[in-house]
Amino acid sequence: MSVIDYKEIEAKWQASWKENQVYKVDDTSDKPKYYVLDMFPYPSGAGLHVGHPLGYIASDIFARFKRMRGFNVLHPMGFDSFGLPAEEYALQTGVHPAKSTEQNMTRYLEQFSNLGFSYDWSRKLFTSDPNYYKWTQWIFTQLFDHYFDVKDQVAKPIEELLAIFKESGNASANAATSQEETFTAEQWKGYSKAEQSEILMNYRLAFRKVGYVNWCEELGTVLANDQVKDGLSERGGYPVEQKAMTQWYLRITAYAERLLNDLNDISWSDALKTIQGNWIGRSEGASIEFELDGREEKIEIFTTRPDTIFGATYMVLAPLHELVGQITTADQKAKVEEYVNYVKSKSEIERMAEKETTGCFTGAYAINPFTKEKVPVWIAEYVLKDYGTGAIMAVPSDDERDNNFAKKFELPIIEVVDKSAHPGAGMADKVGTMINSGFINGMKVKEAIKTVCDKVKEMGIGESHINYKMRDANFSRQRYWGEPFPIEFDGDGVPHALSLDELPVKLPVTNDFKPGTGGKSPLSRMEEWVNSKPGYTKETDVMPAVAGSSWYYLRYMDPNNDGTFAAKEKIDYWQDVDLYVGGSEHAVAHLMYARFWHKFLFDKGLVPTNEPFKKLINQGMIQGVIEFIYLLKEKEDGLSKFICTELLSKYGTEKDIARIPIYVDYVQDYGSDKSYLNIESIEKFIAWRKEYADAIFECGYGTYHKGKFTPKSDGACDLHLYTHSEVGKMSKSKFNVINPDDIIAQYGTDCFRMYEMFLGPIEQSKPWDTNGIEGVSKFLKKLISLYVNEEGQWIVTDEPSSDEAKKVFHKSLEKIQKDILAFSMNTGVSAFMICINELKKLKTHNRDILEPLAQTIAPFAPFLAEELWHRLGHEGSIHLTKYPEVNPQYLKEDNFTYPICVNGKKRALLSLPADASKEEIEKAALALDEITKWLEDKQIIKTIVVPQKMVNFVVK
RNA sequence: GCCGAAGUGGUGGAAUUGGUAGACACGCUGGAUUCAAAAUCCAGUUCUUUCACGAGAGUGUGGGUUCGAUUCCCACCUUCGGUACCA
């Protein structure tokens, strides 16, 4: 037992900090502001797991450091409390999501408190709170009421667009749009209200269009991608197909250019910027129309290589392209339908990952506008409906996938680019000289691209076009536990945004969360709610979880404001997030949507900055071990059968076997190569999954069935059913969540905090283990022993410390500060360990070192530091004191130890004065016996002397 | 498939702009203390070879640039994250 009882001091200081509101922050101050934000968690039923605090601890250290460095630090926390798991739980148990979510939040709050974070809890928010989602809904109505002016690159009120339509139709409007037809002012005025509304949908930043969802007929519901495995529903294993449905979307594509360009202005990692850039996927090219042989319809394609059009020997449409049904010939109809059904049974990700080349001929032919040749029109899963125009001209000579496809289906390949002058250039490289290409023969690729673009424009069949891979964001969920849309439809089915005084549209209370009919949300069945306003019906879809998280960082600035989403003067003070820390798994979705919303609010003059998160750090994930047991897909004599991993080959291939994840706690030696289930484990498993009570469990030593173990031969060992272990995300659905609670109870919060930091670089992912925690625990005890002896006596003296001890401290202080600023917390902890080891050796008990030492470690070990501070005789919190300054006087080194190398290999060490000249260094090195023996009979060709680095002799 | 990241002792990891590979810990081995254990302290611990001194090899694999490469370049392998409805 340590001389300081961490449980006692944790309770004491938690209460004291709360009572004295140590971490409460004002919205005005003479100090410079600093905003440190953590990605808020979804309050899962499994509780906060050991992966969450990794980023939270690091940002807390940073926030505490900044505070002690004289900044006014905003460091808030809240909950992303809308989400699918709570609704799934409600479906299974009948517990209302609001209730389970609240319970989970209470649990999280306790865990947060135990972790000693310096959050200003008076700013707590959660996205499922009507006082919060009122403003989420309000921002949505603003998106609905705006369009994007492409020329000015700014959002404008829809009224301005209406004025343009009335004045001169839509041809002159520079708006981001999905509208294809043009109309005149007269035509516009002649349209009905419903028709006008339909057209405006093609302009609004929040709009409705048809999109595809994962539809499961058996379950009567729409499924998340996460809930679909191998084309079957995870729950029940029923078929899932792509179903068309009218849904809400956000026109994020309008902001693509700004989202891309403004990446240059923010301090994010290059990797993350690259990911976002690739996600936006800007590509320059041309859209070109191909006529169909003997038909009215035309196929519009997008290509980045218009120069290769003479090599376009076939066309490919996305299988879900609307033209497919129209152009397919009678004799190909059956085959095409079969193929489309096959594609519909697969998720997009599965289709993209498909290694095998698949496709189907439609029977139709298009006309290459330049060669006038008839080219066959195919459909294939490698062309995606939502990318570009959902159709391509295939040029097998210059595109890898087209090439594979052409080879497989024996389609012609015409070489059109001579790359002989560019050895090593790949198919996709835009270099070479055009051949077999009519009027562009002999041109360089770049020139040919421009020439073809000009030509198609002249011919009236196309134009230069910038395409983005990024798609508009599907914003509808056919679910209950999300923000209701602030939208009502009138008698003509025209949607209207509700005004602010009608918000929030509260989620109706119900205990029945089953989906509505035809894939509609559960809300559709609540007729009273849907029809509460005479003559109107409410939208019954709800918003996705990204809605609430797209602007929450602004609400923290003014969390309780009922008159606006956040008061202007408070936003003007806090501006934006200076440092944002969160998991790398959010690299695109959340960060892209939040940037989009922020830019929209900026356009409206509601926020003063163009980007929300100045600096961002992506922490790696703490992974868990996922344990699986193998279940035969076919029952044996009507009984389920689980088999040991070692028997896998006996029972056929992976195809015949399902992998069932199991609670890691049930598994013996989990995570190791030899993880296994014994009889006790199986009994726990059966108690949990009662449907397997009758199952047979077979391992190499025997079988277990209904409580009885039958060995295979006499004297066989116990049951050892080996399991399959994998490393993966910690998740409730994988039954592998490890909570920090037990570790904190055993070692204390300060130790847990420092251990998580000691694990390794913050950005790196790694599986959780507690192997090294003893070392950190010992370190803290050693630290305490500088202040208090084993008998519990206070041993700090007022005598001045030695220069040697001061040197140790100030060198450590310098390193630690540098590490905190670089977010290199693991090396910071190491620096503390080295510092304490040396101070211990020097028997340092002097107040002039131990006081600043306590302040130095305060951001890392807040409880212990506070306790020591008070025992040192101070009133008030250590966390509100000023961080110690480095005294450069103690950083100087008199000597440097040189490695002396021969041919790059270290042969000796030599300590010399730090200011020794090159000549002196060389001379001293050559005098060493260890070196002369390597130089005998050899000739020195070159001598490299780098002061304060090394010496190298090159010999022959 | 595509995009991004990582790969260093038995383990987690360290190593300024290319300059002593393995800091700091865990584990292990031996010793001290103890009736014994825990705890604590001391010493050792990349591998091969050697009684030892020493020598050789070594940062996922294969090449390259350099006096010198964990670090830079090329090709590949493995693992993890994302891939638009998990959050």
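Every chain is numbered from 1 and lettered A, B, ... according to where its sequence line falls, protein lines coming before strand lines. No experiment lies behind these values; they were computed from the predicted model shown.
- Heavy atoms of other residues, nucleotides or ligands lying less than 6.0 angstrom from NZ of A/Lys229 number more than 12.
- At whole-Å resolution of the value, CE in A/Met754 and C1' in B/G13 are 16 Å apart.
- Scanning both residues, A/Leu259 and A/Met470, for their nearest heavy atoms gives CD1-CE, 4.1 Å.
- Taking the side chain of A/Thr274 as heavy atoms from C-beta on, and the options B/C85, B/A87, B/G4, the nearest nucleotide is B/G4.
- Among the protein residues, A/Trp248 comes within range of no part of the nucleic acid, since none of its heavy atoms lies under 4.0 Å from any strand.
- Side chain of A/Ser128 to main chain of A/Phe82: no donor-acceptor pair is present (N/O by atom type, distance under 3.5 Å, no hydrogens or angles).
- As rounded to the nearest Å, B/U61 and B/G7 have P atoms that lie 13 Å from one another.
- Taking the ring axis of A/Trp279 as reference, the NZ or CZ atom of A/Arg471 does not stay both within 45° of it and closer than 6.0 Å to the ring centre.
- A donor-acceptor pair is defined here as one N or O able to donate and one able to accept, closer than 3.5 Å; no such pair exists between the side chain of A/Thr357 and the backbone of A/Phe405.
- Within the nucleic acid shown, A/Pro761 comes within 4.0 Å of sugar-phosphate atoms alone, with no base atom in reach, counting heavy atoms only.
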So which protein nitrogen or oxygen atoms get under 3.5 Å of nucleotides 77-81 of chain B's nitrogens or oxygens?
{"from": "B/C80", "atom 1": "O2'", "to": "A/Gln623", "atom 2": "NE2", "distance (Å)": "2.6"}
{"from": "B/G81", "atom 1": "OP1", "to": "A/Lys729", "atom 2": "N", "distance (Å)": "3.4"}

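- Listed by chain and residue number, nothing satisfies the side-chain hydrogen bond (donor to acceptor under 3.5 Å, both in side chains) test with A/Gln746 (two or more places apart in sequence, or in another chain).
- The glycosidic torsion of B/G31 lies more than 90° away from 0, which places this base in the anti conformation.
- Rounded to whole Å, the C1' atom of B/A38 lies 24 Å from the corresponding atom of B/U45.
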- Task: Would you give a per-nucleotide map of nucleotides 15-29 of chain B, 5' to 3', where B means the base has a protein non-hydrogen atom under 4.0 Å away, S means only the sugar-phosphate does, and - means neither?
- Result: S-B-BB--BBSS---

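- Using a 4.0 Å heavy-atom criterion, one finds that A/Val213 contacts the bases of the nucleic acid, with or without backbone contacts as well.
- For A/Asn214, counting side-chain heavy atoms from C-beta on, the closest listed nucleotide (B/C85, B/A55, B/A6) is B/C85.
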Please list, one pair per line, the donor and acceptor atoms closer than 3.5 Å that link side chains of residues 899-911 of chain A to other protein atoms, with sequence neighbours excluded.
{"from": "A/Asn903", "atom 1": "OD1", "to": "A/Val955", "atom 2": "N", "distance (Å)": "3.0"}

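- Position along RNA chain B of the nearest nucleotide to A/Gln227 versus A/Lys905 favours A/Lys905 as the more 5'-ward residue.
- Between the side chain of A/Gln227 and the backbone N or O of A/Ala224 there is at least one donor-acceptor pair closer than 3.5 Å.
- Considering every non-hydrogen atom in both A/Ala587 and A/Asn618, the closest pair reads CB-OD1, 4.4 Å.
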Side-chain donor/acceptor pairs under 3.5 Å, residues 40-57 of chain A, sequence neighbours excluded:
{"from": "A/Tyr42", "atom 1": "OH", "to": "A/Ala86", "atom 2": "N", "distance (Å)": "3.0"}
{"from": "A/Ser44", "atom 1": "OG", "to": "A/Ala46", "atom 2": "N", "distance (Å)": "3.0"}
{"from": "A/His49", "atom 1": "ND1", "to": "A/Gly51", "atom 2": "N", "distance (Å)": "2.8"}
{"from": "A/His52", "atom 1": "ND1", "to": "A/His49", "atom 2": "N", "distance (Å)": "3.1"}
{"from": "A/Tyr56", "atom 1": "OH", "to": "A/Met39", "atom 2": "O", "distance (Å)": "3.0"}

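- Across B/G62 and B/C53, the matching P atoms stand 31 Å from one another, rounded to whole Å.
- B/G9 and B/A23 have their P atoms separated by 13 Å, given to the nearest Å.
- The A/Trp934 side chain lies nearest to B/G56 when the options are B/A84, B/G56, B/C85.
- Qualifying salt bridge (Lys or Arg N to Asp or Glu O under 4.0 Å) partners for A/Arg479, counting only residues two or more places apart in sequence or in other chains: A/Glu88.
- A/Lys734 places its NZ atom 14 Å from the P atom of B/A87, with the value rounded to the nearest Å.
- For A/Lys766, there are no salt bridge (Lys or Arg N to Asp or Glu O under 4.0 Å) partners at least two apart in sequence or on another chain.
- Atom CG of A/Asp929 is separated from atom C1' of B/G54 by 15 Å (rounded to the nearest Å).
- With contacts defined as side-chain heavy-atom distances shorter than 4.5 Å, the pair A/Gln242/A/Trp215 does not qualify.
- A pairwise comparison of heavy atoms in A/Met592 and A/Ile280 identifies CE-CG1, 3.7 Å as the closest pair.
- In this structure, A/Tyr212 atom OH and B/A84 atom P are separated by 17 Å, rounded to whole Å.
- Checked against side chain to side chain contact (heavy atoms under 4.5 Å, CB included), A/Val829 has the following partners two or more places apart in sequence or in another chain: A/Met754, A/Met757, A/Phe758, A/Met833, A/Phe860.
- B/U11 and B/U65: their P atoms are spaced 33 Å apart (whole Å).
- Of the residues in residues 472-483 of chain A, those lying under 4.0 Å from RNA chain B by heavy-atom distance are A/Asn474, A/Ser476, A/Arg477, A/Gln478.
- Spacing between atom CG of A/Leu616 and atom P of B/A5 amounts to 15 Å, rounded to whole angstrom units.
- On the C1' atoms, B/U16 is 16 Å away from B/A69, given to the nearest whole Å.
- The side chain of A/Val954 sits closest to B/C67 out of B/C67, B/A87, B/G4.
- Separating the CZ atom of A/Phe405 from the C1' atom of B/G1 is a distance of 16 Å, rounded to the nearest angstrom.
- Between the C1' atoms of B/A52 and B/A39, the separation comes to 37 Å (whole Å).
- For the P atoms, the distance from B/A84 to B/C3 is 16 Å, rounded to whole Å.
- Taking atom NE2 of A/His590 as the reference point, atom P of B/A87 lies 13 Å away to the nearest angstrom.
- At the heavy-atom level, A/Ala271 lies under 4.0 Å from the strands shown only through sugar-phosphate atoms.
- Within 4.0 Å of A/Lys469, counting heavy atoms only, lies at least one base atom of the nucleic acid.
- Close to B/A55, at under 4.0 Å from its OP1 or OP2, lies a side-chain N or O of A/Arg907.
- Counting distance only, with no hydrogens placed and no angle test, the side-chain atoms of A/Gln247 and the base atoms of B/C85 include a donor-acceptor pair under 3.5 Å.
- Counting to the nearest Å, the C1' atom of B/A84 and the CE atom of A/Met470 are 11 Å from each other.
- A/Glu774 is linked by a side-chain hydrogen bond (donor to acceptor under 3.5 Å, both in side chains) to A/Tyr747, counting only residues two or more places apart in sequence or in another chain.
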- Task: Would you write the dot-bracket representation of RNA chain B, where each base gets (, ), [, ], | or . depending on whether it forms a Watson-Crick or G-U pair under 3.5 Å and with which partner?
- Result: (((((((..(((......[....)))((((((.......))))))((((....))))..(((((..]....))))))))))))....

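- Applying the side chain to side chain contact (heavy atoms under 4.5 Å, CB included) test to A/Lys209 and every residue at least two apart in sequence or in another chain returns A/Phe207, A/Tyr249.
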